[in-house]
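One structure below.
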Amino acid sequence: MLKQYDLRMTPQRKAILEILYNCRGHHLEIENIYQLLSVDLDKKHKVGLATVYRTMDTLEKVGLVSKLSMEDSPSRYELAFPEETNHHHLICLKCGRVQELDDVLTEEFKKIVLESKNFMMTERPIKIFGYCSECRN
Ligand SMILES: [Zn+2]
Ligand SMILES: [Zn+2]
């Protein structure tokens with residue numbers, strides 16, 4: 001995917017992809033990735049926060065990473081491998097917790113939208129905002 005854009009697999013890009021791979025099911029802020037990186041990389045390959053931001057933009061552009069924009073907090077990132085893109089997100093407005101919602105559950109919703117409005121929803125993930133069980137307690 002990087003090659004399609006004439007980009008190389010640098011140690012920094014590789015390290016970030018590995019972190020995201022090891023954290024599948026989680027949605028990381030750039031700050032989290034940066035912290036995990038400083039543990040992972042040796043001194044020679046140390047990267048600054050600005051580089052992490054730039055790298056994430058690049059990885060998003062080539063389609064390796066997907067970005068989840070939040071309401072009041074920093075964006076979250078996860079791997080965007082084709083077979084893993086079909087899930088939606090439940091986002092807690094109080095604590096920022098992100099949970100994944102299986103796409104199977106929204107098939108019916110897509111069908112209703114198509115039948116009632118003759119509108120075909122694309123495969124883009126849906127964001128649903130609300131309050132998680134802990135915050136409701
Ligand atoms: Zn919450
Ligand atoms: Zn997700």
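Ligands are counted one by one from 1 in listed order, and the atoms in each one are counted from 1 as well. Note that this is a predicted model, so its numbers are computed, not measured.
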Is the closest side-chain heavy-atom distance between Met1 and Leu7 below 4.5 Å? no
Here the vertex angle at the Zn ion (ligand 2) for OE2 of Glu78 and NE2 of His27, given to 10°, is 110°
What's within reach of the Zn ion (ligand 1), meaning protein N/O/S atoms under 2.8 Å? Cys92 SG, Cys95 SG, Cys132 SG, Cys135 SG
How about Met70 and His27: do any of their side-chain heavy atoms sit closer than 4.5 Å? no
Does any N or O in the side chain of Lys94 come within less than 3.5 Å of the main-chain N or O of Glu134, such that one atom is a donor and the other an acceptor? no
Is it true that Leu68 and Val52 fall in one hydrophobic cluster, defined by side-chain heavy atoms closer than 4.5 Å? no
In degrees, rounded to 10 degrees, what angle do His89 atom NE2 and Glu100 atom OE2 make at the Zn ion (ligand 2)? 140°
Would you sort out whether Leu20 and Ile33 count as a side chain to side chain contact (heavy atoms under 4.5 Å, CB included), showing the intermediate values? CA-CA 8 Å; Leu20 292 170; Ile33 296 166; 4.1 Å; yes
Hey, does Cys23 have a side-chain heavy atom less than 4.5 Å from the side chain of Asn32? no
Less than 4.0 angstrom from a charged side-chain N to a carboxylate O is my criterion; do Lys111 and Glu107 meet it? no
